[in-house]
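Values in this document were obtained by computation on a predicted structure and should not be read as measured data. Each ligand, and each atom within it, is numbered from 1 in the order the structure gives.
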Amino acid sequence: MFGSVLIANRGEIACRIARTAARLGLRTIAIYSTADAGALHVRQCDEAYPIGSAPAGESYLVIDRLIEAARQSGAECIHPGYGFLSENAEFAEACAEAGIAFVGPPPAAIRTMGLKGSAKALMEQAGVPVVPGYHGERQEPAFLKEKAYETGYPVLIKAIAGGGGKGMRRVDKHAEFEAALESAQREARSSFGDARVLIEKYIAAPRHIELQVFADGHGNAVHLNERDCSLQRRHQKVIEEAPAPGMSAGLRAAMGEAAVRAAQAVGYVGAGTVEFIADGSNGLRPGGYWFMEMNTRLQVEHPVTEAITGLDLVEWQFRIAAGERLPLSQDQVLLRGHAVEARIYAEDPARGFLPSTGTLLALQFPDGVRVDTGVEQGSAITQYYDPMIAKMIAHAPTRDAALDKLADALEHTVAAGPRTNLALLSALCRASEFRAGTFDTGFIERNMAILDVSGGDRAAAAFGVAELLARDSARIKRSMDRAAEMPASPWDATDGFQFSSARTVALSILVDGEALEARITYGSAATLEGPTVAVDGVEAALDATAIEAADAVYVLRRGRQTVVSRADLGAGDLHPGAGSGQIKAPMHGKVLALLVTDGEHVDKGQRLAIIEAMKMEHVLTAPSPGRVANIAVAAGNQVAEGAKLMTIETVD
Ligand code: ADP
């Protein structure tokens, strides 16, 4: 076994790797960008080396700096985690050249599997079923369009160098092919420096079933059962579980065998994941699954496999990289109970899952579940890195019990500051169709309405108003009529006063950026005007937590965050881009394309501009019909969140 490891990553996965490394007695060496100087992963390691500025391209992705840090620290091996350089063959080669063990597969395996096209070709040869389509070299738009037609719509255009759902576009109609191709290629070029794509049949009701495999350097390979990662938004996983609902032992064995065959075909060593897409329309069945790709690294969702097998996959990675044999044979691999993981993201489900940056004003997790995180209260979620806050994993004897446990834990998680997907995640865990096992990768998109993630939590807002009043009594008093006679907060009115002379005052507030009028009836409870919800005895009835910030109160209730502030304090527009005809940048980013000109007439929903942020394209559309005026940016400009881009003037 090694004596030391440099962890070439950050955040939760760096912390998770450090935990196992420390248990195995390895000296742990962290690296960090300037944005991460005070980060948890730095503090959890024995040593830490600065490697550059905040953008990953100037730090976590600079191979020379990582190798230099490894040399300086005398690291015997490098664990790349996931993302960043984990699937970069040049990095694996640079490690080898520097005489440092790379905790991952051989560079050749990374290279072959890194390109979806060559991976599919190899799998075909190995007799592993692949999705029908075109994965050859030719890239002329007209040719690809013809291939799409031959494959039969709907098709999926995928960047061959792709990952994380980037450079991927579904096309339903022949006439829409060119535009989708252009957009996929643009995203592929900017994300991967490689614009090449392949065409695949779009599988209806697709389930994402992946097999965890492990191979050692002595010719042995096993699989550690499957994971179902079908709950996705924007083609990215948010809830993963093991085993897959509806999976039979026979099918598991067959898919496992195909996965092991895939690993052996590519000369694999270490931890890998073979991803299959299954046609879920008639349940999982033989002949109904196809190879999608192999990820040549540890997956984000590996903890569910650890839960059901009782293994530490990072320990296996270290042992295999050190030349040891696989510790178990296939028939010794366990499958106990059911595990579900939810990825808690700083993002806003009600606004197209836009990443939400900012300081975590509060962060607390309940007991009874596994939580892997790289942040804590006071940490900032920045635009530089993945906005994941934590992974939460529940393990129980049955699927229902695991989902209950996870939903409960999500609802008792306090995360204030950036918007989060906590409420969506718990709603998913409780959704009856998902519980029944009838779901596919389109489940979230189809069910956004019933998952109830938008729409204000009025009770929480009223609770927030009460908190505002209680904590801000002096200022409130000044702003109210006959202030001097009034108690500071409705909750303070515990004497007979409340019954004899209930008084009502109005207060202008912002609830999640929406201007509302709160009517506070002293001696009773806070009531919100708008769509009115009267809340009596709010404080007693609500299972909510209030977090106080400079000019707002964050109310956390069942995973949902409601931000209440006083409008007259000028708390600012919390939801730039909403209403008013003023088009603002919804986040920091770069204007990729401006699709309208001054004076142009646009319809509601018409595309106005494309902004790229965190390597994803976001399309801004017109909130109402009107005439474009005051265009303030040009393609190529960097814009800050909330920057005015243009206005849409109403015309009669
Ligand atoms: P990436 O490497 O960018 O994550 P994948 O090839 O792994 O891309 O696909 C990501 C997700 O996209 C899958 O989990 C699935 O939901 C969806 N997907 C991929 N291929 C298909 C397909 N042929 N038909 C339908 N959905 C697909």
Side-chain angles (χ1 to χ4, degrees), residues 82-84 86-88 110 112-121 123-124 128-135 147-148 150-172 180 183-185 187-192 194-212 226-241 244 259 262 272-281 284 288-297 299-301 343 353 386 388 439-446 614-617:
Y82 57 72
F84 293 135
S86 61
E87 295 182 285
N88 184 307
I110 301 179
T112 306
M113 288 302 183
L115 296 177
K116 292 181 201 280
S118 56
K120 280 181 82 175
M123 289 306 110
E124 255 177 342
V128 177
V130 304
V131 188
Y134 176 75
H135 53 262
K147 285 293 169 195
E150 281 171 20
T151 303
Y153 292 96
V155 300
L156 206 55
I157 302 174
K158 280 188 187 178
I160 68 161
K166 287 166 196 157
M168 192 174 338
R169 295 288 183 280
R170 175 183 158 157
V171 193
D172 293 314
S183 157
Q185 287 173 327
E187 198 168 285
R189 191 178 298 113
S190 82
S191 299
F192 316 111
D194 184 344
R196 288 178 296 165
V197 298
L198 57 77
I199 310 291
E200 256 179 24
K201 177 84 189 155
Y202 186 85
I203 308 297
R207 294 247 320 253
H208 177 117
I209 309 284
E210 58 182 36
L211 270 291
Q212 175 71 56
E226 80 283 2
R227 295 183 287 257
D228 187 324
C229 312
S230 301
L231 285 195
Q232 307 182 344
R233 50 107 181 82
R234 293 176 146 178
H235 296 304
Q236 285 183 283
K237 305 160 184 171
V238 282
I239 289 194
E240 302 104 337
E241 59 183 311
T273 295
V274 180
E275 297 188 334
F276 293 100
I277 188 158
D279 173 6
S281 49
L284 299 175
Y289 61 90
W290 302 272
F291 170 85
M292 234 182 345
E293 65 170 350
M294 180 170 187
N295 290 325
T296 54
R297 54 168 165 81
Q299 301 272 104
V300 176
E301 60 274 21
R343 299 191 193 184
F353 301 98
D386 185 63
M388 191 162 71
F439 61 97
D440 57 60
T441 60
F443 185 84
I444 294 180
E445 207 180 318
R446 278 198 307 278
M614 313 188 86
K615 297 235 162 66
M616 301 241 352
E617 290 188 16

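Close approach of ligand 1 to T441 (heavy-atom distance below 4.0 Å) involves ligand atoms 16 (O). Short contacts between ligand 1 and E275, defined as distances under 4.0 Å to a heavy atom of the residue, involve ligand atoms 7 (O). Per-residue contacts place H208 under 4.0 angstrom from the following atoms of ligand 1 (heavy atoms of the residue considered): 13 (C), 14 (O). Each of the atoms 22 (C), 23 (N), 24 (N) of ligand 1 lies under 4.0 Å from some heavy atom of K201. Those atoms of ligand 1 with a heavy atom of Q232 less than 4.0 angstrom away are 11 (C), 13 (C), 14 (O), 15 (C), 16 (O). The distance from ligand 1 to the heavy atoms of I277 drops below 4.0 Å at these ligand atoms: 18 (N), 20 (N), 21 (C), 22 (C), 24 (N), 25 (C), 26 (N), 27 (C).
One finds a salt bridge joining K237 and E210 here, because a Lys/Arg side-chain nitrogen approaches an Asp/Glu carboxylate oxygen to under 4.0 Å. Ion pair E301/R343 flagged as a salt bridge, since at least one NZ, NE, NH1 or NH2 atom sits closer than 4.0 Å to an Asp/Glu carboxylate oxygen.
Residues satisfying the side-chain hydrogen bond (donor to acceptor under 3.5 Å, both in side chains) criterion with Q212, sequence neighbours excluded, are R227.
Counting only distance, with no hydrogens or angles, the side chain of D194 and the backbone of R196 share a donor-acceptor pair below 3.5 Å. Although no hydrogens or angles enter the test, the distance criterion places a donor-acceptor pair under 3.5 Å between the side chain of E226 and the main chain of A244.
Protein heavy atom at the shortest distance from atom 12 (O) of ligand 1 is H235 ND1, 3.4 Å. The protein heavy-atom contact nearest to atom 2 (O) of ligand 1 is K116 NZ, 2.6 Å. Nearest protein heavy-atom contact of atom 10 (C) of ligand 1 is M168 CE, 3.6 Å. Looking only at heavy atoms of the protein, atom 18 (N) of ligand 1 is closest to L156 CD2, 3.7 Å. In terms of protein heavy atoms, atom 20 (N) of ligand 1 is closest to K158 NZ, 3.0 Å. Counting protein heavy atoms only, atom 7 (O) of ligand 1 is closest to E293 OE2, 2.8 Å. The protein non-hydrogen atom at the shortest distance from atom 24 (N) of ligand 1 is I203 N, 2.8 Å.
R207 and T441 are not linked by any side-chain donor-acceptor pair at a separation below 3.5 angstrom, with hydrogens and angles left out of the test. Using modelled atom types, one finds no donor on one side chain facing an acceptor on the other under 3.5 Å when comparing Q232 with R234.
Shown are L284, V130, L211; of these, the side-chain contact (heavy atoms from CB on, under 4.5 Å) with F276 is made only by L211.
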Please determine whether salt bridge (Lys or Arg N to Asp or Glu O under 4.0 Å) holds for the pair R233 and E445, giving the CA-CA distance in whole Å, both sets of side-chain angles, and the decisive distance to 0.1 Å. CA-CA 7 Å; R233 50 107 181 82; E445 207 180 318; over 6 Å; no
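Between R170 and ligand 1 there is no heavy-atom distance shorter than 4.0 Å.
By heavy-atom distance, the residue among A119, G165, P154, G162 lying nearest atom 3 (O) of ligand 1 is G165.
V155 has its side chain out of reach of E200: every pair of non-hydrogen atoms, C-beta onward, lies at least 4.5 Å apart.
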